[in-house]
Amino acid sequence: MDLGVISVRYARALLKSAMEQKLDEQVYREMQTLSASYLQVPDLRFTIDNPMLSKDKKQLLLETACGQHPSALTGRFITLVLKEGRESALQFMAASYITLYRKQKNITRGKLTTAVAVSPMTEEKMKQMVERKTQGTVEFNTEVNPDIIGGFILEYDTYRMDASVKTKLNAILTALKK
């Protein structure tokens, strides 16, 4: 069976169970932490895939990778995944849960890149503008990149608004070359 299909099925079942128990938001945070753990510690995947490591140790390791005190539901989910021998797909299950949760709750990811740090008030105004446009909630990240010289770059969904000085200077340079 396809890894993507398996991941989505498990994630869908976890989301349904989490919503019934009103733990969907907590499980969302735990799946974000687990997903980040896989990205930050590449050896985690190899360790979990090691057949010599006992299921109990894998369980403990994965629960630790989910954060400080994972919910009982997350613990039972990991137990089920290990029992079924699907631990190699757990990273994809976490990513699928995150995607399904965001879709269910109408959450959009947004990113604001500026040349210098902006005030929290400016950041909040940009976030509110994106929320009005998407008619949903926005998980907003800001990033400082001095290479853009000035202005900002706002990205969310498939939308990108580039009002950086670097882009404008490149446009002028291209026009002058013609």
Side-chain angles (χ1 to χ4, degrees), residues 3-4 7-8 11 14-15 18-19 23-49 61-71 74 77-78 89-178:
L3 184 63
S7 302
V8 171
L14 178 59
L15 180 61
M19 290 181 75
L23 292 171
D24 51 326
E25 189 174 330
Q26 181 179 352
V27 173
Y28 173 63
R29 287 191 304 271
E30 292 166 356
M31 290 299 116
Q32 285 181 310
T33 304
L34 179 62
S35 187
S37 295
Y38 269 106
L39 294 174
Q40 292 168 358
V41 185
D43 288 341
L44 177 62
R45 181 178 192 81
F46 298 116
T47 305
I48 296 302
D49 289 345
L61 184 61
L62 288 168
E63 285 180 4
T64 303
C66 287
Q68 291 285 348
H69 304 287
S71 63
T74 299
F77 177 72
I78 292 170
L90 192 57
Q91 180 180 7
F92 302 103
M93 291 175 197
S96 296
Y97 182 91
I98 292 166
T99 301
L100 290 169
Y101 180 86
R102 286 180 177 150
K103 191 173 185 180
Q104 178 88 20
K105 301 289 184 177
N106 194 20
I107 297 173
T108 304
R109 297 181 71 203
K111 180 179 169 187
L112 176 65
T113 306
T114 57
V116 294
V118 294
S119 69
M121 188 174 80
T122 304
E123 186 179 331
E124 186 60 31
K125 282 183 181 180
M126 295 296 264
K127 180 180 176 184
Q128 288 173 357
M129 181 187 78
V130 174
E131 285 178 342
R132 280 194 306 274
K133 295 264 187 196
T134 61
Q135 297 174 348
T137 309
V138 176
E139 288 181 351
F140 211 66
N141 293 327
T142 56
E143 182 180 298
V144 175
N145 182 356
D147 291 344
I148 69 170
I149 303 170
F152 65 90
I153 301 170
L154 177 65
E155 299 170 286
Y156 63 91
D157 272 344
T158 58
Y159 180 79
R160 178 181 166 102
M161 180 178 168
D162 191 340
S164 66
V165 172
K166 181 178 181 177
T167 301
K168 297 207 189 285
L169 288 173
N170 284 338
I172 292 169
L173 181 61
T174 304
L176 288 173
K177 284 182 179 179
K178 288 183 183 179

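Just so it is clear, the values below take in all heavy atoms, side chains as well, and ignore hydrogens, waters and symmetry mates.
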> So, do Val27 and Tyr97 sit near enough that their side-chain heavy atoms are less than 4.5 Å apart?
Replying inline: yes
>> Please give me the minimum heavy-atom distance between Ile149 and Leu169, naming the atom from each residue.
In response: CD1-CD1, 3.9 Å
>> Could you measure the distance from the NZ atom of Lys103 to the OG1 atom of Thr99? Nearest 0.5 Å is fine.
In response: 9.5 Å
>> Please find the pair of heavy atoms, one from Ala115 and one from Ile148, that lie closest to each other, and give the distance.
In response: N-CD1, 3.6 Å
>> Atom CD of residue position Gln128 - does it have more than 12 heavy atoms of other residues, nucleotides or ligands inside 6.0 Å?
In response: yes
>> Please give me the minimum heavy-atom distance between Arg109 and Asn141, naming the atom from each residue.
In response: NH2-ND2, 4.3 Å
> Can Val138 and Tyr156 be said to form a side chain to side chain contact (heavy atoms under 4.5 Å, CB included), step by step?
Replying inline: CA-CA 9 Å; Val138 176; Tyr156 63 91; 5.9 Å; no
>> Side chains of Thr113 and Phe152, heavy atoms from C-beta outward: is any pair under 4.5 Å?
In response: no
>> Run the side chain to side chain contact (heavy atoms under 4.5 Å, CB included) test on Met129 and Lys125 for me, step by step, so that the C-alpha distance in whole Å, both residues' side-chain angles and the decisive distance to 0.1 Å come before the verdict.
In response: CA-CA 6 Å; Met129 181 187 78; Lys125 282 183 181 180; over 6 Å; no
>> Please check this pair: side chain of Ser35 against backbone of Met31, looking for a donor-acceptor N/O pair closer than 3.5 Å.
In response: no
> Taking side chain as C-beta onward, heavy atoms only, is Met126 less than 4.5 Å from Leu154?
Replying inline: yes
> Taking side chain as C-beta onward, heavy atoms only, is Leu112 less than 4.5 Å from Glu143?
Replying inline: no
>> Please evaluate residues Glu63 and Thr74 with respect to the criterion side chain to side chain contact (heavy atoms under 4.5 Å, CB included), reporting the C-alpha separation (whole Å), side-chain torsions for both, the decisive distance (0.1 Å), and the verdict.
In response: CA-CA 8 Å; Glu63 285 180 4; Thr74 299; 6.0 Å; no
>> Measuring only between side-chain heavy atoms, which start at C-beta, is Cys66 closer than 4.5 Å to Thr33?
In response: no
> Which pair of non-hydrogen atoms, one from Val165 and one from Gly151, has the smallest distance, and what is that distance?
Replying inline: CG2-N, 4.2 Å
> Considering only heavy atoms from C-beta outward, does the side chain of Leu34 approach that of Leu90 to under 4.5 Å?
Replying inline: yes
>> Would you say that Asp24 contacts Gln104 through its side chain, given a criterion of any heavy-atom pair below 4.5 Å between the two side chains?
In response: no
> When rounded to the nearest 0.5 angstrom, what distance separates OH in Tyr101 from CZ in Arg29?
Replying inline: 8.0 Å
> What is the minimum heavy-atom distance between Ser96 and Ser7, and which atoms define it?
Replying inline: OG-CB, 3.7 Å
> Counting only N and O atoms by type, is there a donor-acceptor contact under 3.5 Å from the side chain of Gln91 to the main-chain atoms of Arg45?
Replying inline: no
>> To the closest 0.5 Å, what do you measure between CG (Leu15) and NZ (Lys105)?
In response: 8.0 Å
>> Quick check for you: to the nearest 0.5 Å, what is the distance between Ile153 atom CD1 and Thr167 atom OG1?
In response: 5.5 Å
>> As an exercise, state the distance from NZ of Lys168 to CG of Leu173, rounded to the nearest 0.5 Å.
In response: 15.5 Å
> Can you check salt bridge (Lys or Arg N to Asp or Glu O under 4.0 Å) on Lys127 and Glu123, steps first, answer last?
Replying inline: CA-CA 6 Å; Lys127 180 180 176 184; Glu123 186 179 331; over 6 Å; no
> When you measure from the side chain of Asp157 to the backbone N and O of Tyr159, does any donor-acceptor pair fall under 3.5 Å?
Replying inline: no
> Going from CZ on Phe140 to CD on Glu131, what distance comes out if it is rounded to the nearest 0.5 angstrom?
Replying inline: 9.0 Å
>> Could you tell me if the side chain of Ile48 sits less than 4.5 Å from the side chain of Leu62, heavy atoms only?
In response: yes
